[in-house]
Amino acid sequence: QVQLVESGGGLVQAGGSLRLSCAASGSIFSINAMGWYRQAPGKQRELVARITSRGSTNYADSVKGRFTISRDNAKNTVYLQMNSLKPEDAAVYYCNCQTVTTTWSALDAWGQGTLVTVSS
């Protein structure tokens with residue numbers, strides 16, 4: 001099994017910054033893409049940012065220029081630096097890792113979610 005533990009959410013004023021972290025552990029052979037998704041109340045879960053094992057990134061248009069995704073492969077950890085936060089960024093943020101386990105299974109793992117609240 002693979003476990004993802006997220007941290008870094010919280011309450012911030014508009015214009016402020018937060019850094020989310022997600023550490024993967026368990027029966028991991030390798031991790032391919034890692035990403036962050038978010039879900040606001042009454043809305044569907046959406047991709048925020050994604051990074052491949054080679055470091056290629058893509059972002060939702062709404063966060064380009066404000067958010068930066070990065071990863072530390074040695075620590076099986078992905079980060080999301082969020083700057084210039086807006087009230088519309090408020091949501092539960094979920095970490096996702098596309099893993100290959102030690103039993104050679106492909107596993108799409110999800111974190112439990114971390115709440116980001118942005119006050120105006």
Using the rule that two of Ile, Leu, Val, Met, Phe, Trp, Tyr join whenever any of their side-chain heavy atoms come within less than 4.5 Å, decide whether Met82 and Leu47 are in one cluster.
no

Is there a side-chain contact between Phe29 and Thr101 in this structure, where contact means two heavy atoms from C-beta onward sitting under 4.5 Å apart?
no

Would you check if the distance from the ring center of Phe67 to the ring center of Trp36 is below 6.0 Å?
no

Least distance between heavy atoms, Gly111 atom then Glu6 atom:
CA-OE2, 3.3 Å

side-chain contact (heavy atoms from CB on, under 4.5 Å), that's the test. Do Ser17 and Gln81 meet it? Break it down for me.
CA-CA 7 Å; Ser17 298; Gln81 178 66 44; 4.0 Å; yes

Any non-hydrogen side-chain atom of Thr114 less than 4.5 Å from a side-chain atom of Leu20?
yes

If you look at every heavy atom in Pro87 and Ala14, which pair is closest and at what distance?
CD-CB, 4.1 Å

Might you point out which heavy atoms bring Leu18 and Leu85 nearest each other, and give the distance in Å?
N-CD1, 3.9 Å

Are the sulfur (SG) atoms of Cys22 and Cys95 separated by under 2.5 Å?
yes

Verify side-chain hydrogen bond (donor to acceptor under 3.5 Å, both in side chains) between Thr77 and Asp72, making sure each step is shown before the conclusion.
CA-CA 5 Å; Thr77 299; Asp72 184 333; over 6 Å; no

Leu107-Ile51 co-clustered via ILVMFWY side chain contacts under 4.5 Å:
yes

Is Tyr59 reachable from Val116 through a run of hydrophobic residues whose side-chain heavy atoms are each under 4.5 Å from the next?
yes

Can you see which heavy atom on Lys43 is nearest to which on Gln39, and at what distance?
O-NE2, 3.1 Å

Sub-4.5 Å side-chain heavy-atom contact between Leu80 and Val48
yes

Is the cationic atom of Arg19 (NZ for Lys, CZ for Arg) positioned less than 6.0 Å from the six-membered ring centroid of Tyr79 and within 45 degrees of its normal?
yes

What are the two closest heavy atoms between Ile31 and Ala24, and how far apart are they?
CD1-CB, 4.0 Å

Would you check, one step at a time, whether the test side-chain contact (heavy atoms from CB on, under 4.5 Å) holds for Cys97 with Leu4?
CA-CA 8 Å; Cys97 292; Leu4 304 183; 3.8 Å; yes

Under a 4.5 Å cut-off applied to non-hydrogen side-chain atoms, are Met34 and Ser53 in contact?
no

Heavy-atom side-chain contact between Ile69 and Val78 under 4.5 Å
yes

Locate the shortest heavy-atom distance separating Val2 from Ser27; write the atom from each residue and the value.
CG2-O, 4.3 Å

Report yes if some heavy atom in the side chain of Arg45 is under 4.5 Å from a heavy atom in the side chain of Trp110; otherwise report no.
yes

Within residues 89-99 or reaching into it, pairs that qualify as side-chain hydrogen bond (donor to acceptor under 3.5 Å, both in side chains) - sequence neighbours excluded:
Arg38-Asp89, Arg38-Tyr93, Arg66-Asp89, Asn96-Asp108

Beyond-backbone contact of Asn73 with Asn76, side-chain heavy atoms, under 4.5 angstrom
no

When you look at Val12 and Thr117, which way does the side-chain contact (heavy atoms from CB on, under 4.5 Å) test go after all the steps?
CA-CA 6 Å; Val12 65; Thr117 304; over 6 Å; no

